[in-house]
Amino acid sequence: MRITVAGGCGAWPEAGRACSGYLVEREGFRVLIDPGYGTFAALRGPVDAVLVSHGHPDHCADLNPLLRERALGAGDPPVLPVHAPSGALDA
């Protein structure tokens, strides 16, 4: 298993740093956890699932560019499971 820490800033990203974001990889399966501000650029590449721990933007803001890349990119990507607490992604 490999864990990559993309960032650990608080409520907003500092210059050159990202908010919370982690990539867990095991046997070719990649799970993105808490894609906060600035993590998309740091953790680019295909992911198989996303886990959002709660709805604060510093833990889910970069879900938007990830989904946008998938929608506008080449090919037809498989369905991406996104797991989050009820209501966390309503905004």
Side-chain angles (χ1 to χ4, degrees):
M1 180 184 305
R2 184 169 90 175
I3 299 174
T4 303
V5 177
C9 286
W12 54 85
E14 297 174 9
R17 296 182 59 207
C19 287
S20 296
Y22 313 91
L23 183 66
V24 177
E25 300 174 88
R26 182 164 187 249
E27 297 177 6
F29 193 84
R30 295 166 46 100
V31 178
L32 177 58
I33 301 173
D34 285 342
Y37 296 114
T39 59
F40 177 70
L43 298 175
R44 291 231 21 195
V47 295
D48 299 299
V50 177
L51 173 65
V52 176
S53 65
H54 62 286
H56 292 162
D58 58 316
H59 289 262
C60 66
D62 273 13
L63 182 58
N64 186 290
L66 169 67
L67 297 176
R68 185 173 171 86
E69 177 190 53
R70 291 171 57 83
L72 300 176
D76 190 18
V79 172
L80 178 66
V82 177
H83 303 277
S86 180
L89 303 177
D90 289 354

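Computed from a predicted structure; not experimentally measured.
Pro65 and Ala61 get closest at one heavy-atom pair: CD-O, 3.6 Å. When all heavy atoms are compared, the tightest approach of Pro35 to Val52 is CD-CG2, 4.1 Å.
Evaluation of the side-chain contact (heavy atoms from CB on, under 4.5 Å) rule for Ala88 yields Ala84, Pro85 as partners, not counting sequence neighbours. The ring-ring contact (aromatic ring centres under 6.0 Å, His included) test applied to His56 returns His54, not counting sequence neighbours. Considering only residues two or more places apart in sequence or on other chains, Arg2 meets the side chain to side chain donor-acceptor pair (under 3.5 Å) condition with Glu25.
Not one N or O on the side chain of Asp48 forms a donor-acceptor pair closer than 3.5 Å with the backbone of Val31.
Applying the ring pair (Phe, Tyr, Trp, His ring centres under 6.0 Å) test to residues at least two apart or on different chains, none of the pairs has a partner in residues 65-91.
From Ile3, atom CD1 reaches atom CE of Met1 across 6.0 Å, with rounding to the nearest 0.5 Å. Distance CG/Asp58 to OH/Tyr37: 7.5 Å, rounded to 0.5 Å. How far SG of Cys60 is from CG of Leu89: 5.5 Å, rounded to the nearest 0.5 Å. Atoms CD1 and OG1, on Ile33 and Thr39 in that order, are 11.5 Å from each other to the nearest 0.5 Å.
With hydrophobic clusters built from ILVMFWY side chains whose heavy atoms lie under 4.5 angstrom apart, Val24 shares a cluster with Val5.
Counting only heavy atoms from C-beta outward, the side chains of Val82 and Leu63 approach each other to under 4.5 Å.
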Could you pull out every donor-acceptor pair under 3.5 Å between side chains of residues 66-80 and any protein atom, sequence neighbours left out?
unit_1: Glu69; atom_1: OE2; unit_2: Arg44; atom_2: NE; d: 3.4
unit_1: Glu69; atom_1: OE2; unit_2: Arg44; atom_2: NH2; d: 2.3
unit_1: Arg70; atom_1: NH2; unit_2: Pro78; atom_2: O; d: 2.2

Distance-only criterion, 3.5 Å: show the donor-acceptor pairs between side-chain atoms of residues 13-23 and protein atoms not counting sequence neighbours.
unit_1: Glu14; atom_1: OE1; unit_2: Arg17; atom_2: NH1; d: 2.9

